[in-house]
Structures are given as C-alpha cells and as structure tokens.
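Data first, discussion second: the structure below is written as structure tokens.
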There are 2 protein chains.
Amino acid sequence: MYISARADYALRAMLAVADAAGSTGDPAAGGGELVKAASLAESQDIPLSFLQGILLDLRRAGLLHSHRGTEGGYALTRPPAEISVGDVLRAVGGAITSVRGIPADRAGYHGVATGLRDVWLAVDGAIALVVDRTTLADLLSDRATAP
Amino acid sequence: MYISARADYALRAMLAVADAAGSTGDPAAGGGELVKAASLAESQDIPLSFLQGILLDLRRAGLLHSHRGTEGGYALTRPPAEISVGDVLRAVGGAITSVRGIPADRAGYHGVATGLRDVWLAVDGAIALVVDRTTLADLLSDRATAP
DNA sequence: AGTCTTCCTACCAACTAAATAGGAATACTG
DNA sequence: CAGTATTCCTATTTAGTTGGTAGGAAGACT
C-alpha cells in the first residue's frame, strides 16, 4: 500500500481540524470552530498552497465545510467519531487497491494467472477493514487500532 | 495498495513457471523443468526484455534458479506450495506499505498526527496476512484465498 | 568455432506526484 | 460602499518513478 503525500497530508489536516475544533470548547456535532488553512499548514508542516488543493478535495467529498472571509476557515461536517481514515483516503485517492493504475476488481488476467484477481480483492477487503474501522476520534485519543 | 507492473508481471511469471514445470510430469521438490524467458513472455503477454530484469530480481531473491545455454531457462527453487505471494512481492518491490516512499514503520509524525503510524502498521499487518498465506499452489488450484 | 540463452548495464520516454504562482470570488468590517 | 482578509480555482513548473528498449558480455551445449 502506497500512502501518497496527498493522502498523508489530508489525514494530518483532518486531525488538526478535529483537534482545534474540539479543544476550543465546542464539542458539538457538526459546526465547531473554524480553522484557517494557514494554521493547519503551520501546525503540521504542510506547504500552504498544496494544502489548499487538498482541502478542496475534502470539501468536495463532503468531509469539510468552509467559510470565506475574514473569520473564515474549515470545519468538519461530522463529529470525529463518524469520520474514518478510509473516508479521508477515498476522498483524495480514489480506489485503495489498484493494479497498474486500474481498480483491482477489473484487472484482466488470463490463463494461469486468473486467481490473482481474487488475491487483490482479498487484500482490498483487509485494508478496508482496518481503515474503515479507525476513526479520527480513535486517533486523537491515541488508541489507534482498537479491535 | 498499488500493484506495480513489475510486481504483477513477477507473479504471473512465477505462476507460469510453476505451471509449466508441474504439467510436464515432474512434481518433484526443487528442480523441475527449465522454462525459457521467451515462452513465459509469450504465454502471459509480457515484454521480453522487461521480463528479463524481473526474472533477475527473482533469482537474486532466491525464488528462481536459472541455467544458461541452449537448453537453459528458469525453474522454481522450492515447490509452489512453499512460495507465497508475499515472497514474490517483496522480491521485486521492497516494503509493502510505504508512506511517501519511506517504509511505514519509520514515518515521522508529530503532534496530533502521532497515531497515524499505528494505522499504517495495522494495514501492513493485514496485507501481510493475506499475501503471506496465499501460495502459488493455492492460485494454481484456483481457490485463491482459502482461510 | 558457433549458436543459444541467460546475464547485466545503460538509456529513453511517458507519466504522475509534489509544489508554486497568480488571480478570481466571497464575506465581513468600518 | 470601499477595503481587506480569506477561501477558491486553474495553470504551470519541477523532480522522480515507472514502464520499456537496446546492445552487448558471459556462460553452456553441439
């Protein structure tokens, strides 16, 4: 599994948003505090203009909502316990398992290699089990992969 | 998880070697029939000169042994039931899970993102469980991921 | 000697990821 | 209604990897 810089940054940014919103005293469901892109970039060492493109992806995927203007910024659309690592990965990355760029479930094998497709599907399922069960809230409370 | 062309070709080539050796009547442990690179390339539609580099990797990893000359070719060093998909992947690819190119277990996180490292390790373990339990023999008998 | 085959190195082309720059559109402030 | 802060969006540059090719050198058999 290859975690791209985009995916890595996206997760770190989401965690930073969740943390900032939670720590400023408003643990309510959706809204929370608005966090500026610049402060996310600084707290996690992410190039600002690159981060902005990532935040855009996250917004389009419905994980963040944003507000422009002087007191603008970003906030989670759902509480951290309802956003999984898999949600974030899929928002920026597309398919999680791919064979030479094409999704694992449509790899064209023939002859003696036919069984390979099932292996990739099994791998995909195993990965999904981990990343879909782990939420941002889990990560923030530092028990990363509670069974 | 991204399966590169190299990894994909390597697996298909190994399966083709295992199949050719098994079907010519010598199901003995090590040796088997020697299969030429050219016939592997043809049976699985792999560019020959690209395949040769891959076969070299597999040989250096101890999965194949080769013989030059007129009746040369490649053969498995172990029976198909003792070679896992993971063995082949690691032979051509290095680490299975990597974050931005560096191995998952040494990703440098700080602050609120500390927990991410454990997620990648969990993913790595989940993938390993699948690819290390599936052998070439499993794939050849078409019951890909028997639990 | 003469083939046949693996072995090895160097190289090229295309693509993707990563990062940058610059400008709209939008929202609040006074 | 100007002015400013900020998100939003697109185009471009840069660097690295991947996929693939070419051309021999080394070994093995006839």
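Just so we're on the same page: letters track the sequence lines, and every chain starts at 1.
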Output every pair passing ring pair (Phe, Tyr, Trp, His ring centres under 6.0 Å) with a member in residues 72-91 of chain B, not counting sequence neighbours, ordered by first then second residue.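 Counting only pairs at least two positions apart or across chains, no ring pair (Phe, Tyr, Trp, His ring centres under 6.0 Å) contact touches residues 72-91 of chain B.
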Closer than 4.0 Å, any side-chain N/O of [X] to the OP1 or OP2 of [N]?
{"X": "B:H65", "N": "C:dT6", "result": "no"}
{"X": "B:R100", "N": "C:dA19", "result": "yes"}
{"X": "A:R59", "N": "D:dC9", "result": "yes"}
{"X": "A:Y9", "N": "C:dA18", "result": "no"}
{"X": "A:K36", "N": "D:dT6", "result": "yes"}

How far apart are the closest heavy atoms of B:L116 and A:R12, and which atoms are they?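 Closest approach of B:L116 to A:R12, heavy atoms only: CD1-CG, 3.8 Å.
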Looking only at non-hydrogen atoms, find the nearest pair between A:A81 and A:T135 and report the distance.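 Closest approach of A:A81 to A:T135: O-CG2, 3.4 Å.
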Distance check needed: [N] [atom2] versus [X] [atom1], whole Å only.
{"X": "B:Y2", "N": "D:dT18", "atom1": "OH", "atom2": "C1'", "result": "7 Å"}
{"X": "B:Q52", "N": "D:dT21", "atom1": "CD", "atom2": "C1'", "result": "11 Å"}
{"X": "A:E71", "N": "C:dG30", "atom1": "CD", "atom2": "P", "result": "11 Å"}
{"X": "A:L55", "N": "D:dT7", "atom1": "CG", "atom2": "P", "result": "9 Å"}
{"X": "A:F50", "N": "C:dA17", "atom1": "CZ", "atom2": "P", "result": "10 Å"}
{"X": "A:D57", "N": "D:dT7", "atom1": "CG", "atom2": "C1'", "result": "15 Å"}
{"X": "A:I54", "N": "D:dT10", "atom1": "CD1", "atom2": "C1'", "result": "16 Å"}

With a 3.5 Å cut-off and heavy atoms only, can you find an N or O donor on one side and an acceptor on the other between the side chain of A:R68 and the base of C:dA25?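 Pair found.
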Check: C:dA18 base within 3.5 Å donor-acceptor of A:R6 side chain: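 When only heavy-atom distances are counted, A:R6 does not reach the base of C:dA18 through any donor-acceptor pair under 3.5 Å.
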What nucleotide, of [options], holds the atom closest to the side chain of [X]?
{"X": "A:L56", "options": "D:dC9, D:dG19, D:dT21", "value": "D:dC9"}
{"X": "B:A37", "options": "D:dT7, D:dG19, C:dT6", "value": "C:dT6"}
{"X": "B:T70", "options": "C:dC4, C:dC8, D:dG20", "value": "C:dC4"}
{"X": "A:Y74", "options": "D:dC29, C:dA18, D:dT7", "value": "D:dT7"}
{"X": "B:S49", "options": "C:dT3, D:dA22, C:dT6", "value": "D:dA22"}

I want to confirm an ordering. Mapping A:G69 and B:I3 to their closest nucleotides on DNA chain D, which one lands closer to the 5' end?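 Going by which nucleotide is closer to the 5' end, it is A:G69.
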Ignoring hydrogens and geometry, is there a side-chain-to-backbone donor-acceptor pair from A:T77 to A:L63 under 3.5 Å?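 Pair found, side chain donor or acceptor close to backbone of A:L63.
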Is it true that the side chains of A:Y109 and B:D8 contain a donor and an acceptor less than 3.5 Å apart?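 B:D8 and A:Y109 do have a side-chain donor-acceptor pair below 3.5 Å.
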Between A:Y9 and B:Y2, is there shared hydrophobic-cluster membership here, with clusters defined by ILVMFWY side-chain heavy atoms closer than 4.5 Å?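 No, separate clusters.
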Judged by each residue's nearest nucleotide on DNA chain C, which is more toward the 5′ side, A:H67 or A:S4?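 Taking each residue's closest nucleotide, the earlier one in sequence belongs to A:S4.
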